Amino acid sequence: MKKTAATRRHLPTSPFKVPVVPPLEQYAVGNRVTHDVHGLGRVIGIEDEVAVLVDFGSTQRRITTPYSKMSKL
């Protein structure tokens, strides 16, 4: 007879069931970044932790949070 682990029940108020939210990446003017769609760029402006203005050479784009397609180099 094979033993199986009992299923665990979690209370709705359990502090261990809290979803983990990764911290937002912090950017500063001058940071070099890469974007999945626009490619390589440089941060040229920051808007109160809501968006960053990035110069991608041929275009300038305003990238809003969350910055899922963009990362620092």
Side-chain angles (χ1 to χ4, degrees):
M1 179 179 219
K2 187 176 181 179
K3 292 184 179 182
T4 59
T7 59
R8 293 183 181 212
R9 296 183 311 158
H10 294 283
L11 296 172
T13 58
S14 172
F16 300 105
K17 195 176 178 183
V18 176
V20 177
V21 178
L24 286 177
E25 199 160 349
Q26 301 292 318
Y27 294 98
V29 174
N31 284 147
R32 300 220 34 196
V33 296
T34 182
H35 192 275
D36 291 348
V37 176
H38 304 295
L40 297 174
R42 185 176 303 273
V43 176
I44 58 173
I46 300 173
E47 296 179 9
D48 297 326
E49 306 285 328
V50 176
V52 293
L53 183 62
V54 182
D55 181 14
F56 290 105
S58 60
T59 64
Q60 292 182 357
R61 298 286 182 187
R62 181 178 178 263
I63 310 294
T64 58
T65 60
Y67 311 113
S68 59
K69 294 182 179 182
M70 188 168 74
S71 60
K72 281 188 205 178
L73 293 180

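Throughout, numbering of the chain's residues begins at 1 and tracks the sequence. Keep in mind the model is a prediction, meaning the values are calculated, not measured.
For residues 56-73, the pairs satisfying salt bridge (Lys or Arg N to Asp or Glu O under 4.0 Å) are E47-R62, with sequence neighbours left out.
Taking CD1 from I44 and CG from L53, the interatomic distance works out to 4.0 Å, rounded to the nearest 0.5 Å. Atom NE2 of H35 sits about 7.5 Å away from atom OG of S68, to the nearest 0.5 Å.
Of all heavy-atom pairs spanning F56 and L40, the tightest one is CD2-O, 3.3 Å. Residues I46 and A28 come closest through the heavy atom pair CD1-CA, 3.6 Å. Here the shortest heavy-atom pairing between V33 and R42 reads CG2-N, 4.5 Å. The two residues V52 and Y27 make their nearest non-hydrogen contact at CG1-CB, 4.1 Å.
Residues H38 and V54 form no side-chain contact, since every pair of their non-hydrogen atoms from C-beta on lies 4.5 Å or further apart.
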